[in-house]
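Owing to the predicted nature of the structure, the values given are computational and were not obtained by experimental measurement. Proteins get letters first, then strands, A, B, ... in listed order; numbering begins at 1 in each.
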Amino acid sequence: MANIPGIPKGTRDFSPEILAKRNYIFDTIKEVFKKFAYKQLETPAIENLSTLTGKYGEEGDKLLFKILNSGNFLKNVSDTELHERNTTKMAHLVSEKGLRYDLTVPFARYVVQHQNEITFPFKRFQIQPVWRADRPQKGRYREFYQCDADIIGSNSLINELEIVQMIDEVFTKLNLKVTIKINNRKLLAGIAERIGHPDKLIDLTVAIDKLDKIGHEKVYEELRQSGFSEDGINLLEPILNFGGSFDDQMQCIEKFLGETDTGVTGIDEIQKLFTYIDLFKFNNNIQLDLTLARGLNYYTGAIFEVVSDEVQIGSICGGGRYDDLTGVFGLKDVSGVGISFGADRIYDVSENLNRFPEDVKTNVKLMFANFGEKEEKYCLHVLKNLRDSGISAEIYPESSKMKKQMKYANSNNIPFVAIAGENEMKENKFTLKNMQTGDQQLVTEEEMIILLS
RNA sequence: GUGGUUGUAGUUCAGUUGGUUAGAACAUCUGAUUGUGGUUCAGAGGGUCGUGGGUUCGAGUCCCAUCUUCCACCCCA
């Protein structure tokens with residue numbers, strides 16, 4: 001036991017059974033992305049630390065996995081610095097690279113780096129793992145996959161609509177019931193402005209976001225601690241007690257925001273988006289949620305979050321519009337909007353609810369039993385022909401006992417076993433056994449191909 | 001990063017107030033069955049009890065440290 005190796009915490013092995021189900025999720029998402037005309041991109045797991053730091057806020061920087069420089073990684077560190085043991089200070093001296101934290105920032109880096117080769121608007125999707133040095137817990141891993149789709153270089157709200165459509169289609173295909181929550185950062189900015197603290201947007205959003213988790217009083221308390229005035233907090237009351245129809249909500253927020261510039265634009269954007277949304281039928285709930293504030297700090301317009309209606313696991317998908325993500329890399333005025341599906345959490349939800357289709361488990365259709373040299377030769381040609389016809393098949397690689405071979409087929413969920421011994425070979429046929437029913441029939445190669453296709 | 005929790009066979013778990021050689025089920029392998037799996041029966045292999053230290057005549061059991069698991073907070077997919 002003691003000498004059995006393990007893997008770092010928060011990481012997982014994906015056995016074939018699990019991977020089959022994971023691929024089902026990836027394939028579903030990928031198919032939808034492609035249908036909406038997004039093109040696939042991959043970027044390296046490692047980025048320069050300068051690309052990553054400062055993009056995710058203070059917390060995010062702490063959660064970046066940093067890679068120790070190769071060779072003499074202490075060569076830039078002086079003895080006094082070593083003595084001080086200030087780890088944050090020393091980190092950039094011993095590490096120049098880090099593992100990617102999400103897919104959006106590398107995408108922004110890619111866009112800026114290749115701006116002359118890209119025709120805008122640019123739609124790309126990306127399915128790759130990301131790493132966070134977080135402490136693992138339920139639905140939270142240190143290595144997990146994101147499935148991102150972003151369109152960059154277009155301000156049109158049609159893009160927001162398409163994102164909602166993609167979300168709805170993906171979860172419909174996966175047979176999961178979800179609620180798509182929508183909000184707009186500009187509304188939140190307007191609220192911050194209205195209550196006299198336009199500079200404290202982030203503190204406001206972080207606090208508001210916890211509303212349904214910790215309740216009104218605690219939120220107020222947190223706001224007070226962040227330095228919001230009592231008057232301002234009192235003003236928030238009607239916003240936090242939001243409810244009613246979409247029109248009621250809009251009226252309420254409109255009245256509240258009054259003449260604040262950003263607020264008015266926000267109202268305009270939300271109204272337009274919901275006008276688009278009303279043109280179509282959706283399978284999942286879509287709601288305006290003013291308390292939705294999550295999302296990374298770079299979001300500036302619409303924000304999305306998707307939660308399962310059936311399992312409590314946190315958000316399984318999130319995204320939004322960012323007006324200036326590429327700005328930090330020197331490319332101004334390029335707006336984008338994107339979405340990220342959390343494949344690992346979606347897996348957990350599907351697994352929990354048992355929503356994977358039956359046929360994801362197996363794709364091997366047939367196994368040839370192996371009786372020895374002569375029989376092997378007889379089977380191998382037919383095996384090739386089956387494979388050429390697109391049928392996934394294999395031959396048991398050695399002539400072990402029949403029992404062992406049958407057991408192998410059984411535990412691998414192979415639905416058919418072809419048996420050929422002297423009798424079958426004489427007739428140029430095979431005994432085809434259906435592993436589910438146990439039935440056997442004598443067939444020719446051609447009949448077998450037809451039966452299995 | 002803060003607080004709590006867990007660790008015994010491949011897996012899920014028993015193991016009494018500290019007392020001989022640490023058990024079960026499932027899984028694996030072998031045989032009953034030399035051309036038939038998923039059911040049955042018989043048998044076998046598999047453990048430095050997470051790791052390191054300590055207390056004790058004696059530790060799976062008590063203490064400390066460390067790693068790991070899971071959970072909550074912060075934050076997030």
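In this structure, A:N370 atom CG and B:U36 atom P are separated by 16 Å, rounded to whole Å. Rounded to a whole Å, the NZ atom of A:K210 is 10 Å from the P atom of B:C73.
Within the 4.0 angstrom heavy-atom criterion, only backbone atoms of the sugar-phosphate kind lie near A:Q146; the bases stay farther away. A:K138 comes within contact range of the sugar-phosphate backbone alone, with a heavy-atom separation under 4.0 Å but no base atom that close. Nucleic acid contact for A:G60: none, since no nucleic acid atom lies under 4.0 Å from a heavy atom of the residue. The residue A:K433 sits close to a base: some heavy atom pair falls under 4.0 Å. Note on A:V206: only backbone sugar-phosphate atoms sit closer than 4.0 angstrom, heavy atoms only; bases stay farther off. Contacts of A:Y141 with the nucleic acid, taken as non-hydrogen atoms under 4.0 Å apart, include base atoms. Note on A:E422: a base of the nucleic acid sits closer than 4.0 angstrom, heavy atoms only. When heavy atoms are screened at a 4.0 angstrom cut-off, A:I419 is found touching base atoms of the nucleic acid.
Minimum atom distance to the side chain of A:K9 is reached by B:U69, of the listed B:A72, B:U28, B:U69. Closest to the side chain of A:M402, out of B:U28, B:A77, B:G35, is B:G35. Closest to the side chain of A:K404, from the set B:U30, B:A32, B:C73, is B:U30. Nearest to the side chain of A:E424, among B:U69, B:G35, B:G38, sits B:G35.
The same atom, C1', is picked in B:A65 and in B:G7; the two are 16 Å apart, to the nearest Å. Only the C1' atoms considered, B:U39 is 16 Å distant from B:C26, to the nearest whole Å. Across B:C29 and B:U55, the matching P atoms stand 47 Å from one another, rounded to whole Å. On the P atoms, B:G46 is 44 Å away from B:G3, given to the nearest whole Å. Nucleotides B:A22 and B:A59 place their P atoms 14 Å apart, quoted to the nearest Å.
Side-chain contact annotation: A:D323 with A:S335, donor-acceptor N/O pair under 3.5 Å present.
Judged by distance alone, with hydrogens and angles left aside, A:N410 brings a side-chain donor or acceptor within reach of the base of B:G37, the pair sitting under 3.5 Å. Between the base of B:U36 and the side chain of A:Q405 there is no donor-acceptor pair shorter than 3.5 Å. Contact of A:R135 with B:U2 (side chain to base): a donor-acceptor pair of N or O atoms is detected under 3.5 Å.
Neither OP1 nor OP2 of B:U30 sits under 4.0 Å from any side-chain N or O of A:K401. A close approach under 4.0 Å does not occur between any side-chain nitrogen or oxygen of A:Q137 and OP1 or OP2 of B:C70.
Sequence order on RNA chain B of the closest nucleotides to A:K62 and A:S340 puts A:K62 first from the 5' end.
Taking the six-membered ring where the residue is Trp, the centroids of A:Y378 and A:F371 are separated by 6.0 Å or more.
Using Watson-Crick or G-U wobble geometry with both donor-acceptor distances under 3.5 Å, B:A25 finds its partner in B:U11.
Using the six-membered ring where Trp is involved, A:Y408 and A:Y396 have ring planes that are perpendicular, over 60° apart on the 30 and 60° scheme. Ring pair A:F26/A:Y145 is tilted by interplanar angle, where 30° to 60° counts as tilted.
Aromatic stacking of A:Y408 on B:G37: not satisfied for centres closer than 5.5 Å together with planes under 30 degrees.
Remark: of the listed residues A:R109, A:K55, A:K97, A:R109 is the sole one forming a salt bridge (Lys or Arg N to Asp or Glu O under 4.0 Å) with A:E47.
Inter-residue side-chain proximity for A:R100 and A:Q146 is flagged as unmet; no heavy-atom pair is nearer than 4.5 Å.
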